[in-house]
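Notes follow once the structure below has been shown.
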Amino acid sequence: MSVPNGLRCLLRPSTTTSIPARIVPVTVLAASFSSTSLLGKNPLPPKGKAPPSRVKVLPGGHIRAGKKMQLGKFKKNKQVDRSRPPAPGERKAYRKRVTLSNNNALPVEGLEEMSPQAMVDPEKVGRMLALPNELVDQLRAVEAFKPTQTWNMFRQPSILQRKETRELAEKMQAAAGKGETLKLVISGDRLVGKSMLLLQAVSYAYLNNWIVFHIPEGQELTNASTDYAPIPNTAPTQYSQQAYALRILQFLRKANQKLLLDLKTVFPHPELVQHFPVGTSLLQVANAAKEPDSTWPIFNAVLQELTAEGAGRPPILFSLDGLSFVMKASEYRSPAFELIHSHDLSIVRRFVDLLSGKTKLPSGGAVVAATSRGNSPRNPSMELMIAQQEAKQGLREQPVKEPYNRKYDDRVEAAMRDIEVLRLSSVSRSEARSLMEYWAASGLLRTAVDEKAVSDKWALGGNGNLGEMERATLLTMRY
Amino acid sequence: MVFILGVNFQEQKLVKKALETFYALGPQKSSRILAKYSIHPMMKVGSLPQRTITALTAELSSMTIENDARKIVQDNIKRLRDIGTVRGRRHAMGLPVRGQKTRNQIQTARKLNRVERRG
């Protein structure tokens, strides 16, 4: 007898052994009520076959197979996956792709285009505004659209003009008019539309021909995933991030090309390898950065030129999403193996200095940061400063600093002492209604948009939390 | 392919993992070396600049790793055997050193415990 056959006689009676039907009682496999269509269709098992002996029937009607001895389980599985493995970076690109148009969605007639006037117009609050194509290209170039947002459901990217959007746009307009720097942090609950409001701020800046430095994710700067190097002759030591600086310059070149072409240099820049005589266009200087190794001096030169006083520079917007990542110790290590504080990273430092008011933009502009609730570390100091500011603005009562909490950070508190906070809350019913009408006009919402439907979805979405409304309405397949 | 201390590494390999392939160089030491040369933990071997590779090789050659580290372990075992301790004798016999039972499984001891210990 061969070995496997010999072992088979030791097998326990298993599913393969059939026992006559008359010995085994017929078990009803399904509960009296079942939502499973398969079981619901055939509540009784076919008469001819007896249920296997070691099958366990659990109370809910679920079946669990009994123990079976497997022979030859250590044999190698011969099936080899011959498909080509994804190339390096391919899966990430797929995960991070942003689709901005859906040809199956209906085009919405009569949508107004976003324009500098429309963004500050009180008449336009609560209307949907379509992004003009040129602006879409600019926003895409700086990666202001996120893969988690639902752009891929509609024909053309359009945004709801909210009350807060107009408020923010007006503040930016006023700051640029007076040559001051607006220092603002957008806070609010989860899914309330903070990143979207930041996108609108960036859009406003582009539409008004501002220079924009947009950092799409604060964490990319601080979670130790790009190059860094200590900058010589700085005390305390600061760190440059050349690869990320190159990325910012690329954003700038793509999105602000026309503007940069018209701006001319006013400083000689002897520190650069290439010679740029005074009066060269800034685009040419920015274009000189091709390799990360040579980027840092060029990045500095471009920033120095853009913030030159009395040279007729346009207003500048510095924007950043995910503030709490740049308000704590980064994951980088110094040569002495200590964690580097994010504020010692030079790019972050420039942003934070502007936010704290230590440096100013000579021709005015804005520094806008959005907090994030989905993926962000706890940051007691930042939360405290935001809460204090909200209390000053009369939005809540004065917060108390926990006396025994050692996770507060003085540097963060100093940086955020003098900021404005825009607390984003839920939308009003009229805003919700115009958004739902847009959904219906795009063919995504197949009910009549009336008072009842609006208040239904408004209540279902956490009393007008836009993201939750979207979840409750668009992202479920039940209409 | 990149040479670090005479060893050839694939370009996609993380620098940290490449360093940890050397005997007696673990996660702690490799993190410290990365910090010393300002290499971020996600850096791949292929994107290291040449001067950093040279510096890394110089750093590694000044450390007690690979054969130097093995030699220390072997010397310790040899010393134990020469002074005739139980631990030394058990090493020489390829048996467990710390009072384990030897009735059944002593594979690890058979593999590792010898005077000229390899790993």
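Within every chain, numbering begins at 1; the chains are lettered A, B, ... in the order of the sequence lines, protein sequences first and strands thereafter.
With a 4.5 angstrom heavy-atom cutoff, A/S334 touches chain B only via backbone atoms. Contact of B/I39 with chain A is made through the backbone alone, with heavy-atom distances under 4.5 Å. Interface residue B/S31: backbone and side-chain heavy atoms are both found under 4.5 Å from chain A. Looking at A/Y228, the atoms closer than 4.5 Å to chain B (heavy atoms on both sides) sit in the backbone and in the side chain alike.
Other residues, nucleotides and ligands contribute at most 12 non-hydrogen atoms within 6.0 Å of the CD atom of B/Q28. By the 6.0 Å contact criterion, CD on A/Q304 is enclosed, its count of non-hydrogen atoms from other residues, nucleotides or ligands being greater than 12. In the displayed structure, B/K78 atom NZ is contacted under 6.0 Å by at most 12 heavy atoms of other residues, nucleotides or ligands. Sparse packing is recorded around CG of A/N233, with 12 or fewer heavy atoms of other residues, nucleotides or ligands lying under 6.0 Å away. Heavy-atom neighbours of B/M93 CE from other residues, nucleotides or ligands within 6.0 Å: above the threshold of 12. Other residues, nucleotides and ligands place more than 12 heavy atoms under 6.0 Å from the NZ atom of B/K16.
One finds the CG atom of B/L34 at 13.0 Å from the OH atom of A/Y332 (value rounded to the nearest 0.5 Å). Atom CE of B/M43 sits about 10.0 Å away from atom OG1 of A/T226, to the nearest 0.5 Å.
Between the side chain of B/H40 and the main chain of A/A224, no donor-acceptor pair closer than 3.5 Å is present.
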